[in-house]
Every structure is written in C-alpha cells, then in structure tokens.
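Naming: A, B, ... by sequence-line order, numbering from 1 per chain.
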There are 2 protein chains.
Amino acid sequence: MTARTPADDAPDGVVHVDGVAGRPQGRESGREIPEATVARLPIYLRALTSLADQGTDTCSSEDLAAAAGVNSAKLRKDLSYLGSYGTRGVGYDVAYLRYQIAREIGLTQDWPVIIVGIGNLGHALANFSGFRSRGFSVVALLDADPQRHDELVAGLPVRPFDDLERIVAGQGVSIGVIATPAVAAQDVADKLVACGITSILNFAPTVINVPDGVDVRKVDLSIELQILAYHEQRKAIPATAADGGLDEEVTA
Amino acid sequence: MTARTPADDAPDGVVHVDGVAGRPQGRESGREIPEATVARLPIYLRALTSLADQGTDTCSSEDLAAAAGVNSAKLRKDLSYLGSYGTRGVGYDVAYLRYQIAREIGLTQDWPVIIVGIGNLGHALANFSGFRSRGFSVVALLDADPQRHDELVAGLPVRPFDDLERIVAGQGVSIGVIATPAVAAQDVADKLVACGITSILNFAPTVINVPDGVDVRKVDLSIELQILAYHEQRKAIPATAADGGLDEEVTA
DNA sequence: GTCAGTTTGTTCTGTCGTTCACAAACCTCC
DNA sequence: GGAGGTTTGTGAACGACAGAACAAACTGAC
C-alpha cells in the first residue's frame with residue numbers, strides 16, 4: 001500500500017502528505033513548467049473541485065479532461081510536469097491531486113490583493129466571491145476620487161490612492177488589480193511597482209509598461225468581443241464574397 | 001503617387017479606398033490569418049487609434065510595435081497577413097491602416113450584443129463604454145430573476161430570460177455574453193445556441209460545451225489571479241527552497 | 001504466480017508561432 | 001538620374017506546443 005488512500009484523506013482539500021519512501025514525491029527541481037501548462041492548472045483545479053463536490057474520489061485522465069474541456073493526452077502531459085501523482089491502471093485521487101495542483105500554483109497560502117479604481121468594474125471585482133474562495137483576499141480598495149472615499153464597497157472602505165504605500169507595506173501585498181480608466185492605468189502601474197507590487201492584473205484597456213521582474217496579465221473585454229466578431233464575420237460570408245472582389249469599392 | 005496621401009484622408013477613421021491599379025490591394029483570398037495574429041489585431045487597432053488621437057499621420061512598424069507592446073518583426077508579419085498596407089522607407093499611414101484592420105476584424109458594421117445575467121458583473125458590463133465605442137451595441141439585458149425585471153441598467157430594462165428568442169430573432173443578434181453564476185452557465189449557453197447565437201463570451205467560471213460552429217471565448221478573473229500567484233510564488237522562493245526538500249512535510 | 005485488462009507517463013512527430021536577417025522598395029538630396 | 005539612408009515584407013531558423021502512440025505499471029481474477 002502507498003502512503004495514501006481515498007479513505008484517509010482529509011475531507012476538504014486539506015491533505016496530509018508524508019514523504020514515505022517508495023512513492024514518487026513530486027517534480028524534480030530541474031524541470032520548468034511550460035507557460036501553457038501553468039495557464040491550464042487553474043482549470044484542472046476547478047474541475048477537480050467540482051468532481052470532489054460530486055463525491056468523486058478517483059478519476060481517470062479521461063474523466064478529468066472531459067470536465068476541464070481538454071484532450072486527455074494534454075492533461076496527462078500537463079500533470080506530468082508536476083510529478084507522478086497518478087496510479088497506472090487506476091487514475092488520480094481527486095483530493096490528493098487537487099492539493100498538489102493547489103500547492104504548485106501557490107494557493108496553500110493566502111494572497112492579499114488590492115484593487116485600484118472603484119468604478120463599475122471595481123465594484124464588481126470587489127464583490128466577486130471567486131477571489132476569496134480561491135485563496136485571494138481583497139484587503140483594500142483605492143480610488144483617486146475623494147467623492148468615493150470612505151464609501152463602503154463589499155464591506156471595505158474606499159481609501160485614497162495616497163494610502164497605497166502604507167497599505168502595501170503593512171499588509172505585505174504583492175498583487176494589485178487595476179480597474180481604472182485607461183488614461184490613469186500607466187500612472188497607477190508605476191506607483192504600484194514603486195511600492196513593491198510585483199504582479200498586476202490589468203483591466204484597463206491599454207498597454208502598460210513595467211520593469212523586468214513584474215508580471216502583468218491583461219483582461220480586456222472589448223478585445224475578446226473583437227476576436228469573436230472576426231470569426232463571426234467569417235461565418236457570415238457565404239464563401240463566395242470571400243473569394244476576391246471584396247477589396248475593391250470598400251467604403252466606410 | 002499612390003491613391004492615398006496623409007493629407008487627403010478623411011479626418012476620423014472614415015477612409016475612402018478606391019481600387020487604383022498599382023497599389024497592392026489587400027490580402028489574396030487563399031491566405032488564412034493565424035489565430036495568434038487575430039488576437040493581436042484589436043491591440044494594434046487600439047494603438048493606432050491612440051496614435052491618431054495624438055495627431056500622428058504616419059508611423060513606422062517600430063513606433064506601432066512600441067505602442068502595442070510587441071516586437072516590431074512580429075507586428076510586420078502580422079500585418080503582412082492582411083496585405084501590403086505599408087510603404088517601404090516610410091511606414092504606415094495611421095488612418096488607412098486603422099481602417100484596414102477594422103474592416104478585417106469586421107468592425108465596419110455594428111454588432112448587436114445581449115448580456116445574460118445582470119448581477120454585479122452584468123451591471124459593469126452593461127455600463128462599459130468600450131463596447132459601443134468599438135462597434136458593439138448592447139441591445140438587451142436578460143436575467144432569470146423576476147425581481148430584477150424592468151429595472152433600468154445603463155438605460156436598458158432588464159428583461160426575462162424567456163424573451164430571449166424574440167430578441168435574438170428580432171434584432172439579428174449573433175453574439176451573447178454570459179455573466180451568470182457558474183451553475184446556470186451551461187443551461188444559458190444551450191438556450192443561446194438554440195436561438196441562433198453563434199459567438200459567446202463567457203464570464204462564468206466554468207467550462208461550457210457548445211456544438212461545432214459556435215465560438216466561445218472565456219474570461220476568468222480568478223484564473224488570471226492564480227496564474228499570477230504561480231509566478232509570484234516562484235519569485236518569492238530564494239532558489240534554495242525550490243531545490244528539493246519542500247515536498248516533505250507539506251501540510252495545509 | 002500468472003494473465004488479461006486498464007490507465008498513466010513519456011517519447012516522437014508534425015504544426016504553429018516567434019525571431020532574425022536581408023532583399024526589395026521607397027524617399028531625399030545632390 | 002544616381003547614391004545613400006530608411007523601412008517594409010518575407011524566407012528561414014528556431015523554439016514551443018499539441019496530439020498520437022506506446023511501453024511501463026498497476027489491479028483483480030483465477
């Protein structure tokens with residue numbers, strides 16, 4: 001028998017892992033996880049949580065791949081970058097694998113997050129329950145507009161942007177969310193970086209420049225729509241108009 | 001002289017393009033635009049708009065690449081899929097290129113969009129000005145909750161989800177936005193598809209399955225944060241802890 | 001203990017995407 | 001009209017990723 005059985009797993013994500021000899025124990029330090037794989041780990045994590053909620057103890061790569069909406073070969077390869085957490089002939093233990101992925105992503109600790117720009121989107125983000133449930137806690141809301149100060153949003157007071165440095169230093173924040181208008185985004189990003197923030201999630205529809213060592217991820221609503229529009233346009237054309245003749249006499 | 005000069009372009013995005021012989025006129029029908037390129041076209045479009053607002057008539061690939069935050073070689077290759085819209089030794093005419101990209105994406109027409117699920121996020125989306133300014137118009141807001149019906153959000157009444165078919169058929173809607181809780185998303189997606197929607201932008205944190213011919217793009221806030229957390233965790237480890245020894249005695 | 005059936009982990013191969021480097025094309029100046 | 005400088009468009013090398021296919025490893029039956 002190995003170090004784990006479905007029966008002795010803690011009920012809710014808290015899995016005790018002891019380094020018993022004979023069980024492959026995670027990834028060797030040399031391997032780097034490809035970026036494409038990193039981007040899918042949260043999807044697997046969610047799929048595993050869903051399976052666990054349904055009472056599933058064990059699943060095959062085929063099952064999990066279906067739940068995550070990917071190819072099973074891809075799933076197995078992705079998981080292999082983390083280590084050998086499955087059992088051939090059996091599959092994966094849901095709770096165990098879930099914990100391993102969570103640990104790999106870094107969700108075994110709590111990440112304090114601040115949100116800058118409490119407009120429509122900032123409100124929605126502050127109220128978004130998916131943050132806290134996944135190990136992120138919004139510790140402060142900042143806005144440059146004095147009219148918004150001290151207003152309570154999702155139980156937190158909106159604070160002036162000048163409090164940034166104190167908050168970041170005091171709470172050990174390393175992740176910031178920008179939900180300001182586009183014109184303010186670069187300035188906010190600069191100040192976040194200056195205070196020690198090293199990861200930024202940018203909702204403002206503009207490119208922001210940051211120094212090396214700072215990660216930026218962009219979420220852009222209208223870009224996603226435009227990509228859809230491109231494909232939609234292609235569908236609508238009945239294959240005749242697309243074959244030449246369209247480029248002439250084009251006017252706005 | 002070619003068919004265009006910076007001077008005789010219409011002032012604001014409306015560019016008259018006539019098929020004068022001697023000027024390369026767009027892409028041949030055979031070529032397919034790579035998906036990665038399609039995803040960047042909206043970024044170039046935004047950068048061009050920004051340059052135009054600053055009064056710039058002409059820009060080099062280097063300029064535009066800097067504004068869009070990409071490599072200039074990549075930019076040139078991307079644009080080459082659309083056609084030869086630049087002039088060697090000179091660069092690109094901002095207004096002309098902007099129009100060509102907009103046409104390629106399909107933004108010369110207006111795309112009606114419906115939003116399903118008018119919670120916190122739905123509110124923010126309905127009020128998001130970036131939609132209308134880029135050729136998308138929100139024509140209806142739907143919600144299953146009767147308590148929300150007829151409430152005015154961004155000037156539009158929230159309507160019952162059962163009105164879906166009538167609205168889609170009546171307004172010729174082909175793009176739908178899902179901003180419901182995760183549990184409702186698949187059901188909403190099925191109904192959207194049944195009514196003839198062929199492009200879906202999904203904000204619900206779950207995988208949705210659709211038949212072939214329907215495009216889905218996913219925007220997932222917590223996944224983005226988790227990806228940031230992964231890299232953040234890697235930064236924090238001072239390269240010693242990462243080299244083994246961490247896998248034992250890990251508890252939540 | 002052996003055999004059949006199942007499922008993982010990994011290797012291999014083709015495709016897609018990025019980057020470099022350079023010829024072709026253009027402008028300006030003389 | 002020609003020379004020199006500039007910039008695009010693209011061929012080619014390179015790297016990352018996806019998917020198929022298979023050997024290795026496990027379970028359970030007998």
Side-chain angles (χ1 to χ4, degrees), chain A residues 1-6 22-28 30-41 43-44 48 56-66 68-94 96-97 100-101, chain B residues 1-7 22-28 30-41 43-44 56-66 68-94 96-97 100-101:
Chain A
M1 202 54 216
T2 62
R4 68 193 168 80
T5 65
R23 159 147 261 283
Q25 283 296 319
R27 148 184 68 87
E28 302 301 315
R31 265 184 289 183
E32 266 294 304
I33 300 182
E35 193 55 35
T37 296
V38 171
R40 280 188 294 266
L41 291 181
I43 302 175
Y44 302 152
L48 285 166
T56 308
D57 289 331
T58 305
C59 70
S60 68
S61 64
E62 204 71 50
D63 297 337
L64 184 53
V70 301
N71 183 297
S72 70
K74 195 188 322 196
L75 170 79
R76 287 199 301 277
K77 191 190 278 194
D78 283 343
L79 294 184
S80 78
Y81 289 113
L82 311 189
S84 287
Y85 294 133
T87 306
R88 299 176 191 223
V90 178
Y92 299 94
D93 182 274
V94 171
Y96 180 71
L97 181 59
Q100 290 298 343
I101 294 179
Chain B
M1 203 50 215
T2 63
R4 68 193 168 79
T5 66
R23 160 147 259 285
Q25 283 296 317
R27 148 184 68 88
E28 301 303 314
R31 267 184 288 182
E32 266 293 306
I33 300 183
E35 193 56 35
T37 296
V38 171
R40 282 188 293 265
L41 290 180
I43 302 175
Y44 302 152
T56 308
D57 289 331
T58 305
C59 69
S60 68
S61 64
E62 204 71 50
D63 297 337
L64 184 52
V70 301
N71 183 298
S72 71
K74 195 191 311 198
L75 171 79
R76 287 199 301 277
K77 181 155 282 236
D78 283 343
L79 294 183
S80 77
Y81 289 115
L82 311 187
S84 287
Y85 294 133
T87 306
R88 296 174 193 227
V90 178
Y92 299 93
D93 181 274
V94 171
Y96 180 70
L97 181 58
Q100 292 297 343
I101 293 178

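Residue A/Glu62 contributes atom CD, which lies 10 Å from atom C1' of C/dT7 at whole-angstrom precision. To the nearest angstrom, P of C/dT7 lies 8 Å from CG of A/Asp63. Between the P atom of C/dG17 and the CD1 atom of B/Ile33 lies a distance of 12 Å, rounded to the nearest Å. Distance, B/Leu79 CG to C/dT19 P: 15 Å, rounded to whole Å. In this structure, B/Tyr81 places its OH atom 11 Å from P of C/dC16, rounding to the nearest Å. When the C1' atom of D/dT10 is taken as reference, atom CG of B/Leu75 falls 14 Å away, rounded to whole Å. What separates CG of A/Asp78 from C1' of C/dT8 is a distance of 14 Å, to the nearest Å. Residue B/Arg76 contributes atom CZ, which lies 12 Å from atom C1' of D/dT6 at whole-angstrom precision.
With the nearest nucleotide of DNA chain D identified for both A/Gly89 and A/Asn71, A/Asn71 has the one nearer the 5' end. If A/Ala73 and A/Glu35 are placed on DNA chain D by their nearest nucleotide, the residue sitting closer to the 5' end is A/Glu35.
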Walk me through it: do B/Gln100 and B/Leu82 pass the test side chain to side chain contact (heavy atoms under 4.5 Å, CB included)?
CA-CA 8 Å; B/Gln100 292 297 343; B/Leu82 311 187; 5.6 Å; no
Would A/Leu48 and A/Val94 count as a side chain to side chain contact (heavy atoms under 4.5 Å, CB included) if you check the C-alpha gap in whole Å, the side-chain angles of each, and the deciding distance to 0.1 Å?
CA-CA 6 Å; A/Leu48 285 166; A/Val94 171; 4.1 Å; yes
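At a cut-off of 3.5 angstrom, counting only N and O atoms as typed in the model, there is no donor on one side facing an acceptor on the other between the side-chain of A/Arg88 and the base of C/dT7. Side-chain atoms of A/Lys77 come within donor-acceptor range of the base of D/dG19, with a qualifying N/O pair under 3.5 Å.
Between C/dT8 and A/Thr87, no contact under 4.0 Å exists linking OP1 or OP2 to a side-chain N or O. Here A/Tyr92 reaches the OP1 or OP2 of C/dG9: one of its side-chain N or O atoms lies under 4.0 Å away. For A/Arg40 and D/dA18, the shortest distance from a side-chain N or O to OP1 or OP2 is below 4.0 Å. The shortest distance between the side-chain N/O atoms of B/Ser61 and the OP1/OP2 oxygens of D/dT7 is not below 4.0 Å.
In this structure, the nucleotide among C/dG17, C/dT8, D/dC17 sitting nearest to the side chain of B/Pro34 is C/dG17.
Summarising the geometry, atom CG belonging to B/Asp63 is positioned 10.0 Å from atom OG1 belonging to B/Thr58; distances are rounded to the nearest 0.5 Å. Within the model, atoms CG of B/Leu64 and CG of B/Leu75 stand 4.5 Å from one another, a figure rounded to the nearest 0.5 Å.
Of all non-hydrogen atoms in B/Ala73 and B/Asn71, the two that sit nearest each other are N-OD1, 2.7 Å.
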